Amino acid sequence: MATYPEMMGRAVAITGAASGIGEAAVRSFYAQGAYVFLLDLDYKGVEKIAAELGDRAYPIQVDITNPQSVLEAFSAIDHAGTGLDIFINCAGGYKKLLTVEKMDLEEWDNTISLNLRAVFLCCQAAIPRLKKSKAGRIINVTSISGRTVHAASSPAYGSAKAGVTQLTRFLAYELGPYGITANTIAPLTTLTPRVAALRTPEDIARIASQVPLGRLATTDDHVSAMLYLASDGAAFVTGVALDTNGGRIML
Ligand SMILES: NC(=O)c1ccc[n+]([C@@H]2O[C@H](COP(=O)([O-])OP(=O)(O)OC[C@H]3O[C@@H](n4cnc5c(N)ncnc54)[C@H](O)[C@@H]3O)[C@@H](O)[C@H]2O)c1
């Protein structure tokens, strides 16, 4: 993975830090010399990873769907005294593959709450902190399912992720005058534990066969894009959706 010396001493907060793409991001930003705040519902998970990493890693429990919990998590970041330079919304996902016709309202509301409302809540809390940074960055993780309909997925999830793409454009527009960039990365199916449990081996082979680059994504594919968007070299890139999808869809 590329090295970004400017990450040394910067402070990055990552939601969904206990698992999958978020955990991989935590490890990479830490390796680059950043202070890393690991935000997750799974406190034991982030506590374990932070203990393994060292004293620039801070585990924080948060339920990103709960406004009070989000405020408390950002207060905990303030207490560390590092400021906040980069905020990555990575927590998200869905529980059931359903059609619009079969989806119950509870599943719809819970999925929208986790994948869209929570991103709004967290960005709103992050903004005043990022305004104090010299190189503020917001990176929201969406999904190929929010960019097009290419396979069975969750309609609530895809709709929420498409909403995050548009929310991110508003953030880019509003925060540009403060030198803060806001972008998304839109991953293809990635073999994290959650996805491995949802997809059969046949599903996985079928998805890979449809990708011009011939494979599913790895967590590093997405983390490389995050590091780039967080870097000084991406200071003039904002409002962009970066599709880390191996060419599966081209927009
Ligand atoms: N893995 C994929 O194939 C894939 C594909 C496209 C997009 N994505 C997106 O990438 C992101 C990461 O996906 P992943 O598969 O690595 O995730 P994951 O399921 O491995 O991890 C998600 C993390 O979010 C945490 N979390 C869940 N609800 C939370 C809440 N209310 N508050 C705080 N934390 C909470 C979980 O504890 C978990 O640690 C998600 O936004 C997902 O939608 C993933």
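Source: prediction; values computed, not measured. Remember, it's 1-based here, ligands and their atoms both numbered in the order they're listed.
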Considering non-hydrogen atoms only, spot the tightest contact between Thr15 and Cys90 and give its length.
OG1-N, 2.8 Å
Heavy-atom distance to atom 22 (C) of ligand 1: which of Gly22, Gly92, Ala186 wins?
Gly92
Nearest non-hydrogen contact to atom 3 (O) of ligand 1 from the set Thr190, Asp42, Asn66, Leu38 belongs to Thr190
Intermediate values then yes/no, salt bridge (Lys or Arg N to Asp or Glu O under 4.0 Å), Arg137 and Asp85
CA-CA 6 Å; Arg137 300 282 191 269; Asp85 301 294; over 6 Å; no
Nearest protein heavy atom to [atom], by residue and atom, and its distance?
{"atom": "atom 20 (O) of ligand 1", "value": "Ser19 OG, 2.6 Å"}
{"atom": "atom 6 (C) of ligand 1", "value": "Pro187 O, 3.3 Å"}
{"atom": "atom 24 (O) of ligand 1", "value": "Gly16 CA, 3.5 Å"}
{"atom": "atom 38 (C) of ligand 1", "value": "Asp40 OD2, 3.5 Å"}
{"atom": "atom 28 (N) of ligand 1", "value": "Leu114 CD1, 3.6 Å"}
{"atom": "atom 31 (N) of ligand 1", "value": "Asp63 OD1, 2.9 Å"}
{"atom": "atom 42 (C) of ligand 1", "value": "Tyr157 OH, 3.5 Å"}
{"atom": "atom 40 (C) of ligand 1", "value": "Cys90 O, 3.0 Å"}

Please determine whether side-chain hydrogen bond (donor to acceptor under 3.5 Å, both in side chains) holds for the pair Asp78 and Ser75, giving the CA-CA distance in whole Å, both sets of side-chain angles, and the decisive distance to 0.1 Å.
CA-CA 5 Å; Asp78 294 340; Ser75 295; 4.9 Å; no
Gly20 neighbourhood, listing ligand 1 atoms whose heavy-atom distance to it stays under 4.0 Å
16 (O), 20 (O)
Decide if the gap between the ring center of Tyr4 and the ring center of Phe29 is smaller than 6.0 angstrom.
no
Considering only heavy atoms, does [X] approach ligand 1 within less than 4.0 Å through its side chain, its backbone, both, or neither?
{"X": "His222", "answer": "neither"}
{"X": "Thr192", "answer": "side chain"}
{"X": "Thr142", "answer": "backbone"}

Polar side chain donor-acceptor pair, Thr168 to Asn140, under 3.5 angstrom:
yes
Pair Ser145, Ser153: side-chain N/O donor-acceptor within cut-off below 3.5 Å:
yes
Step by step, would you call Glu6 with Arg10 a salt bridge (Lys or Arg N to Asp or Glu O under 4.0 Å)?
CA-CA 8 Å; Glu6 68 268 36; Arg10 290 206 181 150; 5.2 Å; no
Can you check whether [X] has an N/O within less than 3.5 Å of an N/O in ligand 1?
{"X": "Ser143", "value": "no"}
{"X": "Ile21", "value": "yes"}
{"X": "Thr189", "value": "no"}
{"X": "Ala17", "value": "no"}
{"X": "Leu39", "value": "no"}

When you measure from the centre of the six-membered ring of Tyr30, is the NZ or CZ of Arg56 closer than 6.0 Å and no more than 45° off the axis?
yes
To the closest 0.5 Å, what do you measure between CG (Asp40) and CG (Asp63)?
10.0 Å
Please walk me through it: do Arg117 and Asp109 pass salt bridge (Lys or Arg N to Asp or Glu O under 4.0 Å)?
CA-CA 10 Å; Arg117 183 176 178 270; Asp109 285 344; over 6 Å; no
Measure the acute angle between the ring planes of Phe74 and Phe87, then classify it against the limits of 30° and 60° as parallel, tilted or perpendicular.
perpendicular
Measuring from non-hydrogen atoms of Leu188 to any atom of ligand 1, is the shortest distance under 4.0 Å?
yes
Side-chain heavy atoms under 4.5 angstrom apart, residues restricted to Ile, Leu, Val, Met, Phe, Trp, Tyr: same cluster for Val70 and Phe37?
yes
